[in-house]
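First comes the structure, then the notes that go with it.
Nothing fancy with the numbering, it's 1 onward along the sequence. Remember, it's 1-based here, ligands and their atoms both numbered in the order they're listed.
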Amino acid sequence: MKGKIRVFARCRPFAGYERERGCQQCVAFLDETTLEVRGSRGPKQFIFDAAFPASVGQEEVFEDMKNLVRSAMDGFNVCVFAYGQTGSGKTFTMSGTPEMPGLTPRTIAEIFLLKEGLAGVADVTISCYFVELYLDNLRDLFYAVDNPRDTKPPKLDIKVDEKKMVYVKGVVTKPAASAEELSALFDAGNRMRKVGGTKMNAESSRSHSIFSVLLEVANRTTQKTSLGKLSLVDLAGSERADKTGAAAERLKEAQSINKSLSALGDVISALSTEEKFIPYRNNKLTQLMQDSLGGNAKTLMFVNISPADYNADETLTSLAYAARVKLITNNASKTQDSAEVARLKAIIKRMQAGEKVDLDSGGGGSDDGPGGETQPPASDNPPAADDGAAGG
Ligand SMILES: Nc1ncnc2c1ncn2[C@@H]1O[C@H](COP(=O)(O)OP(=O)(O)OP(=O)(O)O)[C@@H](O)[C@H]1O
């Protein structure tokens, strides 16, 4: 199912300190999809799949991505990621605050609502893993939770299976039987993330994080199984050291963040111009996002922006980056053939246990469930036709 990656732009509120500093607002919303930025070289308009001013709350934003949760339940590989300048509201969008929960807690609640709706029809098994990319090193946040004193955790490897789905070899995968359990896992992993204060954001994410939920749905009537993956990605923000005041460790972090975002930019640029060679291997971030950009995922990008003229250059750069992402075509397909699912599950299990798996040999083997032909959606959900992401 071919489709363009979808992009939602979201603007954070104009802050009191910006007004005090004499800043003007440089972003105006013309309609539900169009916004205009007044930069030093005149006004520039951008059209996205949605454009959310600061007045749009967390619930409304979630409503517009909610169908993607159902897609993952139907066996699709789904990725939602937030991109933008430091302090522009990426973590607010992806995680939110206890008072204003963001996409992740709402997605968790929705997963278990859908699971409840399938009671008696299908058995749903939910598990997850949580990694961050910090200073070019991939860290397993669940391993860090379980082994807080281990300074030499086992090495993780990024792998792509033959369905072009990305897996992390050696990562700790945890089962979750309830929304409370899944939330607790997310919160515990989140607490292990590298966060530090800069002049632009008192709690700036110094790493890129990926929280992936695996959804296995076994339909009792048809005996068919689907396997979906829903990844929620909070990228670290692009930043200018002169503005953030980064020095020493913070500066090293900023350099690593900017390097990986620049590699992501190169991949986006190559994909949007349909080049033959896509430089995924140049950085771990691009390897990790390989299936979401130009791959088999239904992908939704949030481009988070600041409304202050002080940040107009960065806002224009982020929006231009997002406009390029909007040109990328993904080819989303369901993983819902029982034999295929069983085989993939076995491969994932062995990879995650750190075993060497020869993917070309077709190698996981299966001992559960009959195999066979193409299946109807495991959950009997109507196809998620307009689910706000590529491939829908
Ligand atoms: N739409 C919004 N409504 C209310 N507050 C917001 C909104 N967006 C961002 N904020 C607030 O602005 C501050 C910075 O946001 P946040 O930490 O999410 O930025 P970020 O893009 O993740 O930054 P970094 O890249 O440095 O991690 C936070 O205090 C956050 O709560």
Side-chain angles (χ1 to χ4, degrees), residues 8-19 21 23 25 27 29 35 50-65 80-106 132-135 141 186 189-211 232-247 249-262 264-265 285 301-308 310-311 314-315 317-319 321-322:
F8 291 176
R10 187 178 196 193
C11 189
R12 71 155 168 78
F14 190 58
Y17 66 84
E18 288 165 337
R19 200 169 289 116
R21 214 191 256 171
C23 291
Q25 297 207 40
V27 181
F29 288 81
L35 55 84
F52 299 121
S55 56
V56 173
Q58 301 280 56
E59 192 173 347
E60 210 177 312
V61 171
F62 178 67
E63 276 304 309
D64 278 21
M65 73 134 289
V80 181
F81 75 100
Y83 173 88
Q85 178 192 9
T86 181
S88 57
K90 297 178 296 296
T91 304
F92 182 82
T93 296
M94 298 309 296
S95 304
T97 62
E99 303 75 39
M100 290 179 274
L103 297 180
T104 305
R106 290 172 194 274
E132 75 168 354
L133 191 58
Y134 176 69
L135 291 178
L141 294 172
F186 175 72
N190 224 3
R191 281 195 289 273
M192 304 309 288
R193 271 192 81 181
K194 301 282 183 186
V195 175
T198 69
K199 275 194 205 164
M200 299 276 295
N201 189 357
E203 280 195 67
S204 179
S205 309
R206 311 310 289 164
S207 68
H208 308 296
S209 78
I210 303 186
F211 179 60
L232 298 155
V233 183
D234 185 1
L235 295 178
S238 52
E239 64 185 57
R240 283 174 36 191
D242 55 336
K243 278 191 171 182
T244 54
E249 196 62 7
R250 290 286 97 86
L251 185 61
K252 235 163 67 186
E253 291 165 352
Q255 285 163 345
S256 164
I257 293 167
N258 288 343
K259 195 171 112 194
S260 54
L261 291 175
S262 147
L264 190 64
L285 178 63
M301 173 193 196
F302 277 87
V303 54
N304 288 94
I305 54 170
S306 149
Y310 170 72
N311 291 318
E314 287 89 341
T315 295
T317 306
S318 293
L319 293 173
Y321 200 98

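Considering both main-chain and side-chain atoms, S88 comes within under 3.5 Å of ligand 1 through a nitrogen or oxygen pair. Distances between N or O atoms of L235 and those of ligand 1 include no value under 3.5 Å. The distance criterion of under 3.5 Å between nitrogen or oxygen atoms is not met by T97 with respect to ligand 1. Between D234 and ligand 1, a contact under 3.5 Å exists for no N or O pair.
No side-chain N or O of D234 forms a donor-acceptor pair with one of S209 less than 3.5 Å apart. A donor-acceptor contact closer than 3.5 angstrom links the side chains of N304 and T93.
Residues passing the side-chain contact (heavy atoms from CB on, under 4.5 Å) test with R191 are D187, A188, sequence neighbours excluded. Listed by chain and residue number, F29, S55, V56 satisfy the side-chain contact (heavy atoms from CB on, under 4.5 Å) test with P53 (two or more places apart in sequence, or in another chain).
Taking every non-hydrogen atom of K90 and a distance limit under 4.0 Å, the qualifying atoms of ligand 1 come out as 18 (O), 19 (O), 20 (P), 21 (O), 22 (O), 23 (O), 24 (P), 25 (O). Atom numbering of ligand 1 starts at 1 in the shown order; those under 4.0 Å from a heavy atom of P13 are 1 (N), 2 (C), 3 (N), 4 (C), 6 (C), 7 (C). Close contacts between ligand 1 and G237 involve ligand atoms 25 (O) [criterion: under 4.0 Å to a heavy atom]. In summary, the atoms of ligand 1 found under 4.0 Å from a heavy atom of G89, numbered by their order in the structure, are 8 (N), 9 (C), 15 (O), 16 (P), 18 (O), 19 (O), 20 (P), 21 (O).
Checking atom 2 (C) of ligand 1 against the protein gives a heavy-atom contact under 4.0 Å. There is a protein heavy atom closer than 4.0 angstrom to atom 14 (C) of ligand 1. Protein heavy atoms are found inside the 4.0 Å sphere centred on atom 7 (C) of ligand 1. There is a protein heavy atom less than 4.0 angstrom from atom 25 (O) of ligand 1.
Heavy atoms of G84 stay at 4.0 angstrom or farther from ligand 1.
No side-chain heavy atom of E18 sits under 4.5 Å from any side-chain heavy atom of Q25. Contact of the Q58 side chain with the F92 side chain is registered, since non-hydrogen atoms from C-beta on lie closer than 4.5 Å.
If you check which protein heavy atom lies closest to atom 28 (C) of ligand 1, you get N201 OD1, 4.9 Å. When only non-hydrogen protein atoms are considered, atom 27 (O) of ligand 1 lies nearest to S205 N, 2.7 Å. The closest protein non-hydrogen atom to atom 11 (C) of ligand 1 is F92 CD1, 4.6 Å.
Remark: the backbone N or O of R206 is not paired with any side-chain donor or acceptor of K194 at under 3.5 angstrom. A donor-acceptor distance shorter than 3.5 angstrom exists from the side chain of R193 to the backbone of S207, with no hydrogens or angles considered. Not a single donor-acceptor pair under 3.5 Å links the side chain of R10 to the backbone N or O of F302.
Contacts with ligand 1 closer than 4.0 Å are made by backbone heavy atoms (N, CA, C, O) of Q85 only, the side chain lying farther away. With a 4.0 Å heavy-atom cut-off, ligand 1 is reached by no atom of A54.
Ring geometry for F52 against F8 counts as perpendicular: the plane angle is over 60°, on a 0 to 90° scale with 30° as the lower cut.
A cation-pi contact links R21 to Y310, judged by a cut-off of 6.0 Å to the six-membered ring centre and 45° from its axis.
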